[in-house]
Each structure stands twice: as structure tokens, then as C-alpha cells.
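As the structure is a prediction and not an experimental result, all values here were calculated from the model. For this chain, numbers begin at 1 and follow the sequence in order.
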Amino acid sequence: NMIRAAELGGILDEILDRIAGFLEYELEVRTKIKSAMMYPIIVLIFSVLMVAAIFTLVLPKFKEIFNAMNVEMPIYTKLLFATGDIFRSYWYVAPIAIAGLVAGVRFAASKPAGRYHIDKLKLSFPILGDIVQKMAISRFARTFGTLVSSGVPMMRALEIVGETSGNAVIAKAVETARQSVREGQKVSTPLGNTGLFPPMVIHMIDVGEETGRLSEMLVKVSEFYEKEVDAAVKGLTSLIEPLLIVFMGGVVGFIAMSVMGPIFKIVTQIN
């Protein structure tokens, strides 16, 4: 869409240069997120495999011992053994459910309504939703500022920004703003009414429209949110590792408590 507008305006070389810089930045952000998530994902996979081994190999032995000695097991131990029995009997349900969920999400994302709801759900996630929103605002501001500074008409620029925003919710908000601009309103007013853009962004756009420096203000917004995305990604990676350790510690602690409780009863009975 940007190339099409650049061809009409005779600014193809400038637009291609800006697109290259924009794509390089997005690639850098995605690489940072992938590299930051690599360690937690490896730890999580290894932990899941170890818990699966405990359910399939270790817990059945303890269950046989406890049943043979007629030990009265607490409710949490019974719950653990019941979970292990279900896991051993229906282990294939989990991968089938995951594959079905992935296929369902991809199918829904291929439809306009489904994609809108998925993108709206992404924005509602804690922490991750904040990163998605900041990346979408950065892309919106960078693309919009590039088109405006390159002389693309406002209506055409808003159309392109909506189609290239990468988020259906943001695209709908931009389309609403486009209709309002066609009726004579400023861009900042309908964007502010959507509630998707922070007040600082709306204020910067409003100042840019009043002073005739809209493209400059949009570039500043984009640069600000690029830094915000970098900071949010670093904060996310520093938060994931301790949360993962606490979660796995809780799982291991629950298993240990469930197994050791009946063992203490056996020792007490023997004494």
C-alpha cells in the first residue's frame, strides 16, 4: 500500500528507504523477544517433561506401596494420584487439544471478525497486551508520519495506515478517524474517542495538526514508543524467569508434600 501511494506521488525512492528502516526495526524487536524467551521456553519444556516422568514412572510405585499398606491418604495426595491416573490414561488428549486450539485460532484469524476478536484479546492480556499496544502505536505513528512527510494526502495516508497497522482493532479505530476527517473533524478527536491511544499520543497529534508539524510529532511519538517497547521487553524477560521458578517450585513442592504425608503416617504407625 505504501509503495502504491509512493508511485502515485512520485516519491518511491524515499518511501522504499523508510520502509527498509521500518522493517529493520521490527526485525530487531522480534529478534530481541525471541532471544529473551528462549531460556524460559527451554526451562518450561524440560520442567514439563520431568513432571510427566514423575506422573508416569514415580507416582504409580508410591501408590502401590500406600495401597498395599492401607495408608489413609490425605485429600491432596488422592488428588495427585487421580491426576496421574488421568494423565497416563489420556495423555494423547493434551497434544490433540493443543493442535486443535492452534488450528482453530489460525482459522479464526483468517476471517475478518475472528481476527478482530483475536487482536482485541491480545490487547487485553496483562503485560503482553501493553507491549502489543505500544508496538501497534509505534507502527501507526511511524507509517503515518512517513506518509504525511512524503506528501501523501491525508485521506489516502489514513487508509494506508489502517491497512498496514497489523492490528484489526487499531485499523478499525483509524478507519473511524478517517470517516470523521472526511466530515471535517481533526484526526486527534476520533482517535481519542476510541480509548486505544494514550492521552500523550492524542495531545501530540493535536499539537501537530494545530502547528502544521504533524509528521514531526508523529515521528517523535514513534521514537518514544520504540523505546517503551524495548523497556517493556526487558521488563517482561526479567519477570518471566522468577515467575517460572516460583511456579515450578510450587508444583514440585505440592508433589513432595503429597508423597511425604503418607510416608510420615507409615513411619508413625511403625513406631
Side-chain angles (χ1 to χ4, degrees), residues 1-12 14-16 18-19 21-23 25-26 108-125 129-226 228-229:
N1 281 282
M2 292 181 69
I3 291 173
R4 187 180 298 115
E7 288 177 318
L8 293 175
I11 50 174
L12 183 59
E14 182 180 351
I15 288 294
L16 286 174
R18 298 198 181 204
I19 289 175
F22 177 73
L23 293 177
Y25 165 73
E26 283 215 333
S110 64
K111 307 295 182 182
R115 184 187 172 197
Y116 178 84
H117 289 294
I118 291 174
D119 287 344
K120 188 175 182 179
L121 183 63
K122 289 179 183 178
L123 293 173
S124 64
F125 283 149
D130 185 51
I131 295 177
V132 171
Q133 182 184 25
K134 289 176 178 178
M135 288 186 69
I137 292 175
S138 176
R139 173 185 283 188
F140 160 81
R142 177 71 68 179
T143 307
F144 195 19
T146 297
L147 295 172
V148 171
S149 64
S150 300
V152 178
M154 179 66 71
M155 296 300 296
R156 180 58 178 153
L158 286 172
E159 181 183 358
I160 294 172
V161 168
E163 293 174 348
T164 59
S165 63
N167 188 288
V169 180
I170 300 292
K172 184 176 181 180
V174 173
E175 179 59 27
T176 302
R178 182 168 173 267
Q179 298 297 330
S180 299
V181 170
R182 178 178 293 170
E183 296 171 0
Q185 295 187 27
K186 296 191 299 183
V187 179
S188 56
T189 302
L191 288 180
N193 294 335
T194 62
L196 295 171
F197 295 85
M200 186 272 289
V201 177
I202 301 302
H203 179 68
M204 294 282 282
I205 294 175
D206 186 47
V207 171
E209 288 181 296
E210 293 290 341
T211 60
R213 300 166 59 192
L214 180 59
S215 61
E216 183 180 340
M217 292 297 177
L218 287 169
V219 170
K220 290 184 180 296
V221 168
S222 176
E223 292 174 350
F224 173 79
Y225 276 97
E226 285 172 3
E228 286 283 297
V229 169

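- With Arg178 contributing its side chain and Met155 its backbone, the two residues share a donor-acceptor pair below 3.5 Å.
- Applying the side-chain contact (heavy atoms from CB on, under 4.5 Å) rule to Thr211 yields the partners Val207, Arg213; only residues at least two apart in sequence or on another chain are considered.
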If you apply the rule side-chain contact (heavy atoms from CB on, under 4.5 Å), what do you find for Arg115 with Ser110, and how did you get there? CA-CA 7 Å; Arg115 184 187 172 197; Ser110 64; over 6 Å; no
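- Pairs engaging residues 139-152 under the salt bridge (charged side-chain N to carboxylate O under 4.0 Å, His left out) rule: Glu26-Arg139, Arg142-Glu226 [sequence neighbours left out].
- For the pair Asp119 (side chain) and Ala168 (backbone), a donor-acceptor distance under 3.5 Å is present.
- In this structure, Asn167 and Ala136 approach most closely via the heavy-atom pair CB-CB, 4.5 Å.
- Atoms CG and CD1, from Leu123 and Ile170 in turn, are 6.0 Å apart once rounded to the nearest 0.5 Å.
- Applying the side-chain hydrogen bond (donor to acceptor under 3.5 Å, both in side chains) test to Glu210 and every residue at least two apart in sequence or in another chain returns Lys186.
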Applying side-chain contact (heavy atoms from CB on, under 4.5 Å), run through Gln185 and Val181 and close with a yes or a no. CA-CA 5 Å; Gln185 295 187 27; Val181 170; 5.8 Å; no
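- Glu223 and Lys220 are not joined by a salt bridge, as no carboxylate oxygen comes within less than 4.0 angstrom of a charged side-chain nitrogen.
- When all heavy atoms of Ser215 and Gly145 are compared, the closest pair comes out as CB-O, 3.6 Å.
- Heavy atoms only, all atoms of each residue included: Leu191 and Ala173 are closest at CD2-O, 4.1 Å.
- Residues that satisfy the side-chain contact (heavy atoms from CB on, under 4.5 Å) test with Met200, not counting sequence neighbours, are Met204, Phe224, Tyr225.
- Nearest heavy atom pair, residue Gly192 against residue Ile202, reads N-CD1, 3.4 Å.
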Set out, in order, the CA-CA distance, both residues' side-chain angles and the distance that settles side-chain contact (heavy atoms from CB on, under 4.5 Å) for Met154 and Val187, then state yes or no. CA-CA 9 Å; Met154 179 66 71; Val187 179; 4.0 Å; yes
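- Using a 4.5 Å heavy-atom threshold, the side chains of Leu121 and Ser124 count as touching.
- Interatomic distance, CG of Leu147 versus CD1 of Ile160, reported as 5.0 Å (0.5 Å rounding).
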Please evaluate residues Gln179 and Glu175 with respect to the criterion side-chain contact (heavy atoms from CB on, under 4.5 Å), reporting the C-alpha separation (whole Å), side-chain torsions for both, the decisive distance (0.1 Å), and the verdict. CA-CA 6 Å; Gln179 298 297 330; Glu175 179 59 27; 2.8 Å; yes
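- Of all heavy-atom pairs spanning Ser138 and Ser222, the tightest one is O-OG, 3.4 Å.
- Here ring pair (Phe, Tyr, Trp, His ring centres under 6.0 Å) pairs that include residues 171-206, with residues two or more places apart or in two chains, are Phe140-Phe197.
- Counting only distance, with no hydrogens or angles, the side chain of Gln133 and the backbone of Leu196 share a donor-acceptor pair below 3.5 Å.
- Using a 4.5 Å cut-off on side-chain heavy atoms (C-beta onward), Val174 and Thr194 make no contact.
- Here the CG atom belonging to Leu158 is positioned 4.0 Å from the CZ atom belonging to Phe144, to the nearest 0.5 angstrom.
- Residues Ile205 and Ser188 share a closest heavy-atom pair of CG2-CB, 4.0 Å.
- Between the OG atom in Ser180 and the CG atom in Asn193 there is a gap of 8.0 Å [rounded to 0.5 Å].
- Screening residues 172-195 for ring pair (Phe, Tyr, Trp, His ring centres under 6.0 Å) gives no qualifying pairs among residues at least two apart or on separate chains.
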